[in-house]
Chemist: 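Below is the structure I would like to discuss, written out as structure tokens.
Values below: every heavy atom of this structure, side chains too, minus hydrogens, waters and symmetry copies.
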Amino acid sequence: MTDSLFPDLARYEAFLTDLKHRIRTAQVKAAIAVNRELILLYWQIGRDILIRQQTEGWGTKVIERLAKDLKREFPDIKGFSLRNLKYMRAFAEAYADEQFVQQAAAQIPWFHHCVLMDRVKDAQARLWYIQQTGANGWSRAVLEMQIESNLYQRQGGAVTNFAQTLPQPQSDLAQQLVKDPYNFDFLTLGNAAQERELERGLLAHIRDFLLELGAGFSFVGSQYPLTIDGQEFRLDLLFYHLKLRCYVVIDLKTTEFQPEFSGKMNFYVAAVNVTLRHPDDQPTIGIILCKSKRKTVAELSLQGMTQPIGISTHRVGTDTPIPDQLKSILPTVEQLEIELETAAGTLGMSGEADVPGTA
């Protein structure tokens, strides 16, 4: 192969990123397959405990004895603690259908379910997190972060014109791609921060930024230059989405959305389609990220636009000092350290630290 036949660098990087993602996904799926029988066993144990509590009046004391007897029989297995047996019961109570457990619930590790039972009470939201964890290979820490950021509520909430500018099913996929708001709390910026400061902060935390954007985004460049009719234009951020197979232009704003922003993005998207889009690519998508937006203004600004554009908001951490009236009631660093040491000592004595949450 000669140098002239080497693929475009951005396309090669996108291909390499896609391969890495597929390999990691395969590894996760293999681990899940090994864990499938264990999860089904836990569900069956929980179901049997639940049935006996309902028909024979079993109480907590019986479950305590069961935990001790199982630990005595299987001393090297931590999964039969009192706390975990209670999780098994809650698991069976939450999912009464064994077929669902085999087909959906068994797709993610057990401790992920413990997190979901503790943190997500809505059944539909819990199912969505199960599906997303299986599809994206989220670790338990990532799942907890996504729940903390209310990802389920933020999905697909942006104002867009995708239904009018993209064919099915691309329009639905693109709509689910765009969140509102985007959570950039990993940044600490002053209230008067400008667009370039926000851009530099996101690039400095590119791993966190890509995680917040969602699976499938491959970074192409910042201040990406496009030359149209002898004039140079620069895109704040340019990505390629591996699942949608299209370029994604992101324009950053630290102010409230203004109607003229959509006209500018319409031009950027058209320019990327002309200069970068391959015949096999899907139409380029534009996302405008603003500090705030008025829904009606955003909707009207997209009427008549020919390119697919989404308008969303972002939130970032600030370096605003803690008010004096709060300082008096918040614990000091020393007090927090004492509390953490006490909690750690309690966990070490209880022997129940193998399962997250509380009974």
Chemist: What pairs with E148 under side chain to side chain donor-acceptor pair (under 3.5 Å), at least two apart in sequence or on another chain?
Modeler: R119
Chemist: Can you sort out the partners of R277 under side chain to side chain donor-acceptor pair (under 3.5 Å), two or more places apart, ordered by chain and number?
Modeler: none
Chemist: Parallel, tilted or perpendicular: which describes the rings of F91 and H113, with under 30° parallel and over 60° perpendicular?
Modeler: tilted
Chemist: Ion pair present between E93 and R89, side-chain N to carboxylate O less than 4.0 angstrom?
Modeler: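 Judged by the 4.0 Å cut-off on N to carboxylate O distance, E93 and R89 do form a salt bridge.
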Chemist: Between the side chains of D18 and R245, is the shortest nitrogen-to-carboxylate-oxygen separation below 4.0 Å, so that they form an ion pair?
Modeler: yes
Chemist: The test is side chain to side chain donor-acceptor pair (under 3.5 Å); show your working for Q175 and T160 and say whether it passes.
Modeler: CA-CA 7 Å; Q175 184 68 41; T160 76; 2.5 Å; yes
Chemist: I'd like to check the side-chain contact (heavy atoms from CB on, under 4.5 Å) partners of L127; sequence neighbours left out, ordered by chain and number.
Modeler: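 For L127 the side-chain contact (heavy atoms from CB on, under 4.5 Å) partners, ignoring immediate neighbours, are F100, Q124, Q131.
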Chemist: Check ring-ring contact (aromatic ring centres under 6.0 Å, His included) between Y268 and all other residues, then give those that pass, not counting sequence neighbours.
Modeler: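 Y268: no ring-ring contact (aromatic ring centres under 6.0 Å, His included) contacts found.
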Chemist: Got a sec, which residues hit ring-ring contact (aromatic ring centres under 6.0 Å, His included) with F233, two or more places apart in sequence or on another chain?
Modeler: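 Here the qualifying residues are F267.
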Chemist: ring-ring contact (aromatic ring centres under 6.0 Å, His included) with Y42: which residues, sequence neighbours excluded?
Modeler: W110
Chemist: For D280, is the CG atom crowded, meaning more than 12 foreign heavy atoms sit under 6.0 Å from it?
Modeler: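 Count over threshold, so yes.
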Chemist: Classify the angle between the aromatic ring planes of Y240 and Y247 as parallel (below 30°), tilted (30 to 60°) or perpendicular (above 60°).
Modeler: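 Rings of Y240 and Y247: perpendicular, as their planes differ by over 60°.
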Chemist: Check whether I228 and L238 end up in the same hydrophobic cluster, where Ile, Leu, Val, Met, Phe, Trp and Tyr are linked by side-chain heavy atoms less than 4.5 Å apart.
Modeler: yes
Chemist: Using the rule side chain to side chain contact (heavy atoms under 4.5 Å, CB included), only one of D236, L237, L252 pairs with L289; which is it?
Modeler: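 Of the listed residues D236, L237, L252, the side chain to side chain contact (heavy atoms under 4.5 Å, CB included) partner of L289 is L252.
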